[in-house]
Structure formats: structure tokens, C-alpha cells
Amino acid sequence: MIDKNRLPGHVAVIMDGNGRWAKKRNLPRAAGHNAGMKAMREIVRRASDLGIGYLTVYAFSTENWKRSVEEVSGIFKLLVMFVTSDLRELKENNVRMNILGDCSKLPEDAKKSVERAVSETESNTGLMFNVALNYGSREEMLNAVKEIAQKYKNEDIELDDISDELMDSCLYTGHLGIPDPDLIIRTSGEKRLSNFLMWQASYSEFVFTDTLWPDFTPEEFERCIEEYQSRDRRFGGRRK
Ligand code: IPE
Ligand code: IPE
Ligand code: MG
């Protein structure tokens with residue numbers, strides 16, 4: 001059973017395995033992404049019901065542009081569909097939606113959709129649901145370094161002002177006041193970060209599961225949280 005008093009404040013999920021899920025069923029990859037979106041909807045609902053503060057999902061990486069135009073445009077179409085079908089429910093559940101990543105390169109309709117979802121949920125105070133979209137951790141860190149260099153150049157800061165906290169505040173997550181993830185879940189059996197939250201994951205707990213993302217259920221999500229609750233987080237210190 002989950003201990004509701006010791007929930008992870010921020011859970012991040014690398015939703016992987018849509019393609020293999022489709023392949024196993026002789027379906028096009030798009031069918032896998034569609035099933036993946038449904039799984040995501042259920043996890044957002046459960047995270048919100050549990051009272052988790054922040055849920056971040058990795059939906060599209062800066063490297064995912066390497067895929068076929070057909071697959072990429074299909075993923076963005078699904079995103080538009082998700083906003084159309086789910087924005088009302090998100091609002092009813094007091095969920096605030098945000099985007100991590102560079103939205104300027106998104107197809108116009110996808111950009112409009114996410115901007116609408118973000119602005120219409122801006123004042124909500126429940127779960128903060130972050131979609132990492134055209135997100136890359138290296139790009140995020142490079143942007144932060146440029147922001148800091150600009151401050152230095154403008155003589156707004158001195159060299160010694162460059163700190164963990166300043167770096168934090170210049171990341172996409174810092175701009176939105178999102179804390180570091182306590183728990184990072186990756187599905188589909190892969191055990192890597194794939195350019196996800198590399199700065200923020202310094203002391204995150206990892207749970208890897210072989211389940212392909214479209215098969216990932218709210219029950220398994222809760223089991224991942226139980227696993228997290230069984231860990232001893234020391235942050236470099238000693239066990240109390
Ligand atoms: C994750 O599933 C979704 C995205 C990366 C957009 P994949 O499409 O990577 O699925 P696999 O890894 O090919 O099975
Ligand atoms: C990571 O999955 C990105 C997302 C889940 C959006 P990938 O399938 O793109 O990662 P690699 O290529 O296996 O590392
Ligand atoms: Mg993959």
C-alpha cells in the first residue's frame with residue numbers, strides 16, 4: 001500500500017515502448033502512440049487523485065525529429081486531439097498543464113493547442129502536469145548557460161553568483177518553479193535517460209519496468225511509488 005503521507009512530490013515518466021507495443025500486434029506505430037496517449041490520460045488522473053504535486057511526462061525529445069515525417073506529424077496530431085478531448089477534464093480536476101521544451105518549432109496547430117491548454121489552466125492549483133515536448137536536457141542546459149552569460153555580460157551578477165540555485169532558476173523547470181523529480185519511471189525495459197532532466201535527476205530514484213508504455217496502468221504506477229517509498233535516500237549523507 002502507498003503511504004499517502006510520503007508521496008513523491010514530483011514524478012517524471014519516460015513513456016517508452018509505443019512502437020514495440022504496436023509491432024507486437026502488427027499495427028502501425030501510430031496505433032501505439034494512440035494507445036500511449038490513453039495510458040497517459042489514466043496516469044494523469046491517478047496522479048491527480050493521489051494528490052501528487054508534479055507529474056512530468058516525456059512526450060517528444062529533441063532527437064525524435066530523426067523519425068519519419070509521418071510518425072512525427074502523427075504524434076503532434078495526437079497532442080492536438082488530447083487537448084481537444086481532455087482540456088475540460090483537466091480544468092475540472094484543477095490540473096495545471098505546462099510545457100517543457102522549445103515549442104517554437106512545433107507545427108502551428110499543435111503550438112496553438114498547447115498554448116491554449118497552458119493559458120486556460122494557468123490559475124489551477126492542483127496537480128502540475130508538465131509535458132516535455134521537443135525537450136532536450138542538453139538544450140535546456142545550454143539555454144541556461146546562455147542566460148547566465150548574458151546576466152554576467154550585463155553586469156547583473158558576478159562570477160561567484162553562479163550557483164546551483166542560479167542554474168536551477170534558469171532551466172525550463174526553474175522558470176516554472178518545478179522542483180527536481182523525486183522519482184523517474186521508465187517503461188519498456190530501456191535503462192537510460194535519453195537526454196531527459198539530466199541536471200534535475202542528480203538525486204532522483206529510478207524505477208525501470210519492462211511494461212510497454214501503452215500497457216502501463218495506474219495500478220503499476222502505484223507499485224512504482226511503493227518501490228520508491230521502500231528506498232533509502234541519503235543524498236550523500238548517512239543513514240539516520
Ligand atoms: C515512446 O515510444 C514515444 C516516443 C518516443 C514519442 P517509442 O515510439 O519510442 O516506442 P519504441 O521505443 O519504438 O517501442
Ligand atoms: C525517449 O524515448 C523519448 C520519449 C519517451 C519521448 P526514445 O525511444 O526516443 O529513446 P531512445 O532512442 O530509445 O533512447
Ligand atoms: Mg522508444
Side-chain angles (χ1 to χ4, degrees), residues 10-44 47 54-83 85-86 97-107 109-111 113-114 117 129-142 171-173 178 181 183-201 204-217 220-221 224:
H10 180 185
V11 181
V13 186
I14 304 176
M15 310 185 291
D16 200 8
N18 294 351
R20 278 162 283 170
W21 183 92
K23 193 167 183 209
K24 256 173 59 180
R25 289 166 178 73
N26 281 318
L27 293 168
R29 291 182 66 85
H33 293 311
N34 191 40
M37 182 185 78
K38 291 185 179 157
M40 180 182 84
R41 172 185 290 137
E42 296 299 326
I43 300 309
V44 178
Y54 302 84
L55 174 74
T56 300
V57 299
Y58 203 4
F60 193 86
S61 75
T62 47
E63 288 71 39
N64 286 146
W65 296 105
K66 292 176 188 166
R67 300 185 181 199
S68 71
V69 176
E70 191 195 359
E71 179 171 359
V72 170
S73 67
I75 291 171
F76 289 121
K77 277 202 193 99
L78 267 175
L79 182 75
V80 175
M81 276 173 59
F82 173 77
V83 171
S85 58
D86 284 56
M97 188 168 136
N98 274 311
I99 301 296
L100 304 180
D102 180 5
C103 278
S104 68
K105 302 198 180 71
L106 263 47
D109 57 339
K111 202 160 67 185
S113 265
V114 296
F129 170 48
N130 309 302
V131 184
L133 202 61
N134 190 22
Y135 174 88
S137 191
R138 287 190 171 191
E139 186 174 273
E140 179 185 39
M141 287 193 271
L142 288 174
L171 298 169
Y172 299 136
T173 44
I178 301 166
L183 166 62
I184 297 181
I185 299 167
R186 185 167 187 153
T187 58
S188 88
E190 309 297 350
K191 295 179 182 68
R192 54 176 170 265
L193 271 177
S194 302
N195 204 12
F196 189 50
L197 301 177
M198 295 191 296
W199 170 277
Q200 299 90 333
S204 302
E205 295 294 332
F206 289 83
V207 173
F208 297 105
T209 165
D210 288 336
T211 305
L212 301 173
W213 175 253
D215 292 327
F216 191 79
T217 59
E220 187 167 4
F221 182 65
C224 294

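When a residue number appears, it is its place in the shown sequence, counting from 1. Start at 1 and go down the list; that is how both ligands and their atoms are numbered.
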Proximal protein heteroatoms (N, O or S) of the Mg ion (ligand 3), under 2.8 Å: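 Checking every protein N, O and S atom gives D16 OD1.
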
Apply side-chain contact (heavy atoms from CB on, under 4.5 Å) to R29 and N18, showing your working. CA-CA 7 Å; R29 291 182 66 85; N18 294 351; over 6 Å; no

More than 12 heavy atoms of other groups within 6.0 Å of [X] [atom1]:
X    : atom1 : answer
K77  : NZ    : no
R138 : CZ    : no
E190 : CD    : yes

Donor-acceptor check, side chain of E205 to backbone of L183, threshold 3.5 angstrom: yes or no?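 No, because the side chain of E205 does not come within donor-acceptor range (under 3.5 Å) of the backbone of L183.
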
If the contact criterion is a heavy-atom separation under 4.0 Å, does R186 count as touching ligand 2? yes

Do the ring centers of F60 and F76 come within less than 6.0 Å of each other?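 Between F60 and F76, the centre distance is under 6.0 Å.
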
Run S61 and N195 through side-chain contact (heavy atoms from CB on, under 4.5 Å) and show every step you take. CA-CA 8 Å; S61 75; N195 204 12; 5.9 Å; no

W65 six-ring face occupied by R67 cation (under 6.0 Å, within 45°): no

So do the side chains of I184 and I14 get within less than 4.5 Å of each other, counting heavy atoms only?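 The answer is yes; the side chains approach within 4.5 Å.
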
Among L133, N134, T62, whose side-chain contact (heavy atoms from CB on, under 4.5 Å) with K105 holds? N134

Atoms in ligand 2 flagged as close to R192, the criterion being non-hydrogen separation under 4.0 Å: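 In order of numbering, the contacting atoms are 11 (P), 13 (O), 14 (O).
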
Between ligand 1 and the protein, which N/O pairs fall short of 3.5 Å?
| unit_1 | atom_1 | unit_2 | atom_2 | d |
| --- | --- | --- | --- | --- |
| ligand 1 | 2 (O) | G17 | N | 3.4 |
| ligand 1 | 2 (O) | N18 | N | 3.2 |
| ligand 1 | 8 (O) | R29 | NH2 | 2.9 |
| ligand 1 | 8 (O) | R67 | NH1 | 2.7 |
| ligand 1 | 9 (O) | D16 | OD1 | 3.0 |
| ligand 1 | 9 (O) | R67 | NH2 | 2.9 |
| ligand 1 | 10 (O) | G17 | N | 3.4 |
| ligand 1 | 10 (O) | N18 | N | 3.1 |
| ligand 1 | 10 (O) | G19 | N | 2.9 |
| ligand 1 | 12 (O) | D16 | OD1 | 2.9 |
| ligand 1 | 12 (O) | R20 | NH2 | 2.8 |
| ligand 1 | 13 (O) | R29 | NH1 | 3.4 |
| ligand 1 | 13 (O) | R29 | NH2 | 3.0 |
| ligand 1 | 14 (O) | G19 | N | 3.3 |
| ligand 1 | 14 (O) | R20 | N | 2.8 |
| ligand 1 | 14 (O) | R20 | NE | 2.7 |

